[in-house]
Number of protein chains: 2
Amino acid sequence: MNFQSMPKTELERLYAELLERYRRFRDLKLNLNMARGKPGSNQLELSVQMLDLVNSSAEMVSETGEDCRNYGGPLGLPEMRRLMAAMMEVPEGNVIIGGNSSLNMMFDTVACGMTHGFSGCAPWGGQKHLKFLCPSPGYDRHFAVTEYFGFELVAVPMTPEGPDMDVVEELVQDSTVKGIWCVPKYQNPTGITFSDEVVRRFAGLKPAAKDFRIFWDNAYCVHDLTEEPDCLLSLWKECEHKGNRNLAFFFASTSKITFPGAGIAAMAAGDDDFKVLKNRYSFQTIGPDKLNQLRHVRFLKNLDGVRAHMARHRALLVPKFETVLNKLNEELSGEGIASWTKPNGGYFISVDVMNGCAKRVVELCGQAGVKLTGAGATYPYGKDPNDCNIRVAPTYPPVQELRQAVDLFCLCVRLAAAEKLLNP
Amino acid sequence: MNFQSMPKTELERLYAELLERYRRFRDLKLNLNMARGKPGSNQLELSVQMLDLVNSSAEMVSETGEDCRNYGGPLGLPEMRRLMAAMMEVPEGNVIIGGNSSLNMMFDTVACGMTHGFSGCAPWGGQKHLKFLCPSPGYDRHFAVTEYFGFELVAVPMTPEGPDMDVVEELVQDSTVKGIWCVPKYQNPTGITFSDEVVRRFAGLKPAAKDFRIFWDNAYCVHDLTEEPDCLLSLWKECEHKGNRNLAFFFASTSKITFPGAGIAAMAAGDDDFKVLKNRYSFQTIGPDKLNQLRHVRFLKNLDGVRAHMARHRALLVPKFETVLNKLNEELSGEGIASWTKPNGGYFISVDVMNGCAKRVVELCGQAGVKLTGAGATYPYGKDPNDCNIRVAPTYPPVQELRQAVDLFCLCVRLAAAEKLLNP
């Protein structure tokens with residue numbers, strides 16, 4: 001029954017009942033976590049064989065005959081660049097391999113803009129009052145990078161098709177707007193994939209700032225949850241068609257393919273930007289870990305190998321997403337107090353609770369032993385204007401624990417709504 | 001016989017003879033390399049067992065119970081921080097573990113100064129006409145980092161005790177001088193170790209700039225070549241005594257302990273600077289590869305383990321250094337055209353040839369198939385004012401090849417000197 005239209009006395013009765021159930025939950029002293037997009041232990045097991053492929057009896061030579069144990073190769077092994085290029089749908093000659101963290105490559109790219117600039121423009125550090133666009137809800141660690149470097153964060157509304165491109169096209173007329181964060185496929189946290197039209201409009205952007213860049217973090221490019229996965233148009237190709245070759249930086253990693261704690265990150269950039277970054281890396285580093293690259297290439301082999309491996313992840317993840325989605329459906333449908341996304345891939349479900357209730361739901365869950373992503377985290381500066389969005393991460397807990405955690409979550413969504421309606 | 005005092009006709013006869021020998025060398029079509037401080041293949045073999053210690057049947061949990069395959073631990077595993085702390089002689093709470101490259105950590109530290117600054121001062125990027133001190137001869141990649149960020153590089157003469165501290169103490173009175181590069185033990189390329197007095201004078205520096213920092217790259221801290229190794233005073237402790245706790249950044253890595261292509265880098269900083277860097281890393285990265293840390297800790301265990309392992313490196317390196325030093329001694333002693341260092345550790349021998357001859361020697365060697373570090377590379381901007389210093393790296397070629405390469409090198413030193421004296 002819809003909470004909003006419930007008579008007050010009935011709502012009070014319901015509230016008392018929910019509170020009683022909540023108290024019983026609290027007595028269970030749970031300690032569960034739906035906060036972080038971490039793979040579960042069973043997913044990590046899928047890649048442990050990789051660790052046997054570069055051992056003391058293995059050859060440690062790359063396809064070009066390089067001893068991977070020694071110095072050399074600042075941009076990464078050719079075979080690793082090729083694999084990541086296939087995954088990212090970009091030319092391998094434009095790929096740079098990093099260490100364990102694609103976030104690190106994004107941070108370094110912003111840092112490069114700060115001290116050296118792009119497209120021959122003055123370094124961002126020498127320009128004043130710069131802004132960065134943050135499609136919201138979005139990924140807090142993206143927003144935090146540009147906040148760290150002093151950008152003003154400008155929220156752009158997310159639609160079911162991607163960022164609201166009318167707003168984006170308007171905002172990039174401002175030459176102090178230097179970039180936008182995007183997770184184009186199975187977006188964090190909504191799980192939606194940018195539509196063809198959105199990708200084409202991104203490729204066709206004519207920003208006032210020559211040094212405006214799209215940060216295209218394709219973190220979930222092969223992370224499908226269904227037999228009929230979403231299809232993302234290639235921004236690289238669209239940019240080429242439009243002659244906008246240095247408009248975007250492309251990022252991906254194997255963090256959620258092999259190991260978050262020992263994966264391989266990669267990025268790609270148009271020819272001019274690639275030169276700027278290649279030059280930077282020639283000063284910055286002796287090059288990323290080559291034995292770990294060798295391990296990854298031997299294990300994943302090629303894009304087909306990646307897809308086969310991801311199917312094994314999917315088999316483990318689908319029951320978790322179903323657990324959450326079924327429970328949300330059973331408990332919260334038709335009550336007028338919550339809506340949520342049903343993603344075809346990625347790591348998150350985005351739940352919108354009643355306005356003004358997200359913080360309270362997270363608090364109630366926390367006090368009963370279930371940790372959620374902080375309310376507001378999906379918005380710039382951690383401030384959700386409607387206090388309604390909560391990112392649910394179903395991947396880490398085992399199904400059994402997840403069931404309990406979502407039970408509590410649904411209860412807290414209802415409890416917070418009743419509380420709010422009774423004390424408007 | 002001394003070249004400088006040789007009668008002209010005799011020198012001409014000698015020159016012709018040397019030239020004839022040089023031509024015969026050229027006909028051998030050698031392809032040898034004494035340019036880079038790379039470990040030899042036999043050294044790399046010493047660590048391959050490490051790769052078996054984290055495999056599919058191993059536990060992958062840190063001492064605090066963390067699954068090293070998953071996310072977490074931006075500063076590194078406690079056990080890895082402890083090991084690097086012992087090696088660097090600093091408190092483990094001040095250590096940050098990096099990826100595969102300590103150069104990367106140095107670069108990032110300078111980058112942090114550029115955009116965020118130290119000791120509450122304005123970021124370096126916002127200050128004008130900044131300078132960085134470069135003890136010379138020194139390490140070209142150090143100098144290049146600060147050149148990349150726009151610092152003016154100021155050469156400081158090296159003495160057998162370390163950088164000329166009278167000069168350093170004088171220069172740091174200038175508030176635009178923001179730092180100094182140091183390789184305090186078995187310096188690259190001289191192989192000398194800073195004396196106790198030099199370390200004490202470093203610790204006692206009173207720079208005009210509050211944000212002046214010593215970049216203390218202890219790259220060869222355990223890389224001894226003798227039973228009675230050099231002993232470097234702890235700069236950390238001396239800084240503590242003098243109440244100068246945020247004067248220096250400390251760096252080290254396992255690049256030349258395990259694998260240059262898959263090692264572990266680390267740095268340490270005083271409490272205030274540590275907070276600044278820890279904050280930066282919390283935005284920059286999801287943390288360094290934890291499985292590689294686990295591998296290293298299981299293989300090296302502790303400082304005693306490191307020392308035992310380094311003794312095995314020494315056994316392989318001593319014959320190479322002896323090959324070069326014996327040959328230099330046989331061929332060039334008493335001729336008045338070259339002097340060289342006899343290091344107790346590290347990766348290099350520094351040879352001073354006759355003024356104005358270094359470039360020519362490198363050229364002659366190159367044309368006959370032996371690659372040397374570019375002449376001048378050990379000075380800021382690649383400009384050796386006397387064109388006399390050549391860095392010889394004996395570690396990579398097998399002894400057999402090394403013998404041939406040094407033969408040619410000595411010949412070229414003599415040939416270039418004769419050429420110069422005949423055409424002054």
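Reckoned from all heavy atoms, side chains included, excluding hydrogens, waters and symmetry mates. Letters A, B, ... mirror the listed sequences (proteins, then strands); counts begin at 1. Here the structure is a predicted model, which is why all the values come from computation and not from measurement.
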### Summary
Ordered numerically, the heavy-atom neighbours of chain A under 4.5 Å found in residues 122-131 of chain B are none

If you count heavy-atom pairs under 4.5 Å between each of [options] and chain A, which one has the most?
{"options": "B/G99, B/A144, B/G263", "value": "B/A144"}
{"options": "B/L51, B/D289, B/N70", "value": "B/N70"}
{"options": "B/T258, B/V54, B/V110", "value": "B/V54"}
{"options": "B/V145, B/D67, B/T285", "value": "B/T285"}

### Query
Cation over ring, B/R36 on A/Y71, under 6.0 Å and within 45°?
yes

#### Entry: Rounded distance (nearest 0.5 Å) linking atom CG of B/N292 with atom CG of A/L291
8.0 Å

### Query
Looking at CD of A/Q284 and CG of B/N104, how far apart are the two atoms once the value is rounded to the nearest 0.5 Å?
4.5 Å

### Query
For B/F299, does the CZ atom have more than 12 heavy-atom neighbours from other residues, nucleotides or ligands under 6.0 Å away?
yes

### Message
Is it the case that over 12 heavy atoms from other parts of the model lie below 6.0 angstrom from the OH atom of A/Y396?
### Response
no

Please classify the contact between [X] and chain A as side chain, backbone, both or neither, with a heavy-atom cut-off of under 4.5 Å.
{"X": "B/P39", "answer": "both"}
{"X": "B/F283", "answer": "both"}
{"X": "B/M60", "answer": "side chain"}

### Query
Considering residues at least two apart in sequence or located in another chain, which fulfil the side chain to side chain contact (heavy atoms under 4.5 Å, CB included) criterion with A/Y379?
A/S136, A/P137, A/D384, A/P385, A/N389

### Message
If you compare all heavy atoms of B/I286 against all heavy atoms of A/P260, which two are closest, and at what distance to 0.1 Å?
### Response
CD1-O, 3.5 Å

### Task
Would you mind telling me which of A/H116, A/M105, A/K290, A/M106 has the largest number of heavy-atom pairs within less than 4.5 Å of chain B?
A/H116

### Task
Pick one of side chain, backbone, both or neither for A/F107, based on which atoms fall under 4.5 Å of a heavy atom in chain B.
side chain

### Query
Which members of residues 273-282 of chain A, sorted by number, sit under 4.5 angstrom from chain B on a heavy-atom basis?
A/N279, A/R280, A/S282

### Message
If the condition is side chain to side chain donor-acceptor pair (under 3.5 Å), which residues does A/E45 pass it with, not counting sequence neighbours?
### Response
B/R69

### Task
Output yes when a side-chain donor or acceptor of A/D52 lies under 3.5 Å from a complementary backbone atom of B/N55, and no otherwise.
no

